There are 2 protein chains.
Amino acid sequence: MRRPTLEEVAAAAGVSKMTASRALRGAADVSKDSILKVREAAERIGYVGNQLALSLSAQRTNLIGVVVPSLSNVVFPEVLSGISAVLEGTGMQAVFGLSDYDPDKEREVIRNMLSWRPSAMIVTGLDQPDETLRLLRQADIPIVQLMDLDGEPVDFNVGLSHGAAGEAMGRALLTTGRRRIGYVGSGLGRDLRAAKRKRGFEMSLRQADLSLEAEEVAPDFSSPSLGKRLTRALLLKAPELDCIYYSNDDMAAGGVFACMELGIAVPDRLLIAGFNGLEIADALPVRIATSHSPRREMGETAARLALQAMTPERERLERIVAFTPRITLGSE
Amino acid sequence: MRRPTLEEVAAAAGVSKMTASRALRGAADVSKDSILKVREAAERIGYVGNQLALSLSAQRTNLIGVVVPSLSNVVFPEVLSGISAVLEGTGMQAVFGLSDYDPDKEREVIRNMLSWRPSAMIVTGLDQPDETLRLLRQADIPIVQLMDLDGEPVDFNVGLSHGAAGEAMGRALLTTGRRRIGYVGSGLGRDLRAAKRKRGFEMSLRQADLSLEAEEVAPDFSSPSLGKRLTRALLLKAPELDCIYYSNDDMAAGGVFACMELGIAVPDRLLIAGFNGLEIADALPVRIATSHSPRREMGETAARLALQAMTPERERLERIVAFTPRITLGSE
DNA sequence: TACGTTATCGATACCGGTATCGATACCAAT
DNA sequence: ATTGGTATCGATACCGGTATCGATAACGTA
C-alpha cells in the first residue's frame with residue numbers, strides 16, 4: 001500500500017500514463033474530457049506528484065541550497081526569511097543547512113546538498129577552505145556567497161565589508177571625542193566576520209594614535225548574558241573607559257544592562273557600540289551606537305541573484321553587490 | 001559538460017557501473033584492486049553521488065520535512081537547531097519550510113515537501129485544517145506535531161499545553177498577591193498558542209473571581225519595541241495595574257524597558273510576566289516572571305521520535321510526549 | 001474516393017542510481 | 001577429471017516521472 005503513482009491514476013481514469021501526466025500538468029494534446037477524468041481520479045485516490053522522478057527526468061531541480069553557520073544568532077534567521085520570501089511563488093524552494101561555524105561540517109553539508117543537484121547555492125562568507133571551494137565550483141551552478149565582502153568570490157557575492165564596517169564605526173566613535181576605548185566580544189575564532197570588524201576597528205584607532213585600552217573576549221556564543229558578564233569584568237579591569245565596542249548588538253544589549261546595574265550613565269559616561277541594528281537596540285531604554293546591516297535585504301538580493309543567474313541573463317549580472325551599513329551613534 | 005555520472009566513473013576506472021557503485025558504497029563482492037581504481041577515478045573527475053537517482057531507486061529518502069510558522073520568533077530557530085543537532089550523523093537530513101502563520105501557505109508547503117517523499121514530517125501545532133491533515137495522513141509516514149498539546153494528534157505529539165501554561169502562570173501570579181492584572185499581546189489571530197495561553201490565564205483569574213482589568217493587543221509581530229509601545233498605552237489607560245501578563249518574553253522585555261523609562265519599579269510596583277524563558281530575560285537588569293518552555297528539547301524529542309518511528313519500534317512508542325514549563329516568578 | 005490536417009493518445013526510451021541474479025574464473029577437495 | 005565453493009563481476013530490470021515520435025481517428029477538401 002504505497003503512495004499512488006501516476007500509473008495508478010492513469011489506470012483509475014482509464015487512460016495511459018502519458019495522458020495522465022499531460023492532463024495534470026496542463027500540457028497540450030489532451031481532450032477536455034480526459035483532463036476531467038484524470039483530475040477526478042487523482043483527487044479521489046490522493047495522488048501527490050513525485051519530485052524525485054520529475055527532477056531526475058528533467059535533469060534539474062527546483063532546489064536552492066542555503067548554508068548558514070547557525071540559527072542562534074538572529075541575523076541568520078532574518079537572512080533566511082529574506083531568501084524564503086523572494087523564492088515564494090517562483091516555484092523554487094530553499095533548502096537550509098547548518099554548519100555550526102565548523103569548516104569540516106560545512107563541507108559535508110555542502111557536499112550533501114550538491115548530491116541533491118540544486119539549481120543554485122547560497123553560502124555564508126568567503127572563507128571556505130579550498131576543498132569546499134572546489135566542490136562549489138565543480139557543481140557548475142550559480143554560487144552566491146553571502147554576508148561578507150573582503151575576498152574573491154567563486155561566482156557572485158552579496159554582502160558588506162566587515163573590515164570597513166569596523167573601521168567606520170571606529171572613526172565615528174572618535175568624532176564623538178571618546179578616547180578610552182575597550183572591546184567586548186565572543187567566539188572570534190569562529191565568527192570570522194566579527195573578527196574582521198574588530199581588526200578594522202583597531203585600525204581606525206591606530207590611525208588616531210590610539211589603541212584598545214582593554215578587552216574581554218570569551219569563546220562562548222554571543223548573548224546578552226555574556227555581554228553583561230564580560231562588561232562587568234571589563235569595567236572592573238578598566239573603570240575609566242568612556243566607550244566599549246561590542247562584537248554585536250546582542251552583546252551590546254548585555255553591556256547596557258550591566259551599566260544599568262552598575263549605575264553607569266549611558267551614553268553620557270560610557271558609550272556603547274554594537275553591530276547589526278537589531279530590533280532590540282531600538283527598544284532599549286538608552287541609545288547605543290550601532291551599524292545597521294541590511295540582513296533581510298542581503299538575503300533577498302542573494303535569492304534574486306540566484307534566480308537571475310539561472311537564466312541566460314547570467315552573463316550580464318553584476319558579480320558583486322556591496323551594501324554599506326548605516327551607522328547611528330544614538331548619543332545625540 | 002554535465003556533472004559526471006557513475007557510468008563515467010566506471011568507464012574511467014575500467015569497470016562496470018555496478019562494480020563502481022559497489023566500490024563507492026563499500027558493498028561486498030568487490031576486489032580491493034577495483035575499489036582503489038574506482039575511488040581514484042571518482043576523486044579525479046570529481047564525482048558527487050546523485051541523491052535523486054538513489055532515492056528514486058531505493059524508494060525512500062533521507063529527508064525529514066519540518067514546517068514552522070516563522071523564523072522571526074526566536075523560538076523556532078531554537079527548535080530547528082534541536083532537530084538539526086539530533087539528526088546530525090544519523091544520515092537523515094532536515095528540510096525546513098515556512099508557513100508564515102498562513103494555513104493555506106502551510107498546506108502548500110506541506111504538499112510540496114511530500115512530493116519529495118520525506119521519510120517523516122514534523123509540523124507545528126495541532127490546528128491544521130482538515131485538508132492539510134488528510135495530506136499528512138495519506139503520506140503514510142511518521143508525523144510529529146510539535147509545540148502544542150491541546151488536541152488530537154495525527155500520529156505523534158510533542159509539546160506542552162499552552163492553555164495549562166497560561167492557567168498555571170495566572171495561579172502563580174495570584175499567589176504573590178497581585179490583583180490588578182493587565183494583558184499585553186500581539187498577533188493573537190495568527191499565534192494560536194499565545195491565544196490559548198491568554199484563555200488559560202483568564203480562566204485562572206475567573207476562578208479567583210477576578211478578570212483582566214485592561215488589555216492592549218496589536219496585530220503586529222511580537223517584538224520588544226511593540227511590547228514597549230503597548231505597555232505605555234496600557235499604563236496610560238490603567239495606571240493602577242500591579243501586574244501585566246505578556247504574550248511572550250520579547251513583549252515582556254519591552255514592558256521592562258517601558259517601566260524603566262516611566263520610572264516604575266519592577267517588580268515591586270509592577271510585576272511583569274512573560275512566556276518562554278528566553279535568554280534575554282536572564283540578562284535584564286530586573287527580574288520578570290516567565291514560563292520556561294523547553295524549546296530545544298522539544299525539537300530534539302521530535303527528531304528522535306521521528307527517527308524511532310521509522311523503525312519497527314514504531315508500535316511501542318508513546319504517541320504523546322508532554323512537557324511542563326517551569327515557572328519562575330523572579331520577584332523573590 | 002483519396003488525401004492532407006488536426007486533435008488526441010500511447011509505446012518507448014531515458015534520467016542515474018541499486019537489487020538481483022546469472023556468468024566466469026579460480027581453487028580445493030574428491 | 002569432476003565437482004563444489006568462493007570471489008568477483010556485469011547484464012538487466014526497475015524506481016516514477018517526461019520527451020519524443022509515431023499511430024489512429026475524425027474531418028474537410030480536392
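This structure is a prediction, so every number in the text was calculated from the model and none was measured. Proteins get letters first, then strands, A, B, ... in listed order; numbering begins at 1 in each.
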Asker: Using five base pairs at each end, measure the axis-to-axis angle across the helix from C/dT1-D/dA30 to C/dT30-D/dA1 and round it to 10 degrees.
Answerer: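 What I find for the helix from C/dT1-D/dA30 to C/dT30-D/dA1 is an axis angle of 70°.
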Asker: Counting only heavy atoms from other residues, nucleotides and ligands, does the tally under 6.0 Å from CD of B/Glu313 exceed 12?
Answerer: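 Counting neighbours around CD of B/Glu313, more than 12 heavy atoms of other residues, nucleotides or ligands fall under 6.0 Å, so yes.
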Asker: Report the residue from A/Val79, A/Leu80, A/Thr124 that forms a side-chain contact (heavy atoms from CB on, under 4.5 Å) with A/Val66.
Answerer: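 Among A/Val79, A/Leu80, A/Thr124, the one that satisfies the side-chain contact (heavy atoms from CB on, under 4.5 Å) with A/Val66 is A/Leu80.
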Asker: Check the surroundings of atom CZ in A/Arg60: do more than 12 heavy atoms from other residues, nucleotides or ligands lie under 6.0 Å from it?
Answerer: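 Check fails, neighbour count at 12 or below.
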Asker: Using every non-hydrogen atom in the two residues, find where A/Val30 and A/Ala23 come nearest and quote the distance to one decimal.
Answerer: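 Here A/Val30 and A/Ala23 meet closest at CG2-N, 4.1 Å.
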Asker: Indicate the atoms forming the closest heavy-atom contact of A/Ser119 with A/Ile141, along with that distance.
Answerer: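 Reported closest heavy-atom pair: O-CB, 3.7 Å.
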Asker: How does protein contact run along nucleotides 6-18 of chain D, one letter per nucleotide 5' to 3', with B for base contact, S for sugar-phosphate only, - for none, heavy atoms under 4.0 Å?
Answerer: --BBBB---BBBB
Asker: Taking NZ, NE, NH1 and NH2 as the nitrogens, is one of them in A/Arg111 or A/Glu108 under 4.0 Å from a carboxylate oxygen of the other?
Answerer: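 Counted as a salt bridge, because a side-chain N and a carboxylate O are separated by less than 4.0 Å.
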Asker: Give me the ring orientation class for A/Phe221 and A/Tyr101: parallel if the planes are under 30° apart, tilted from 30 to 60°, perpendicular past 60°.
Answerer: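 Rings of A/Phe221 and A/Tyr101: tilted, 30 to 60°.
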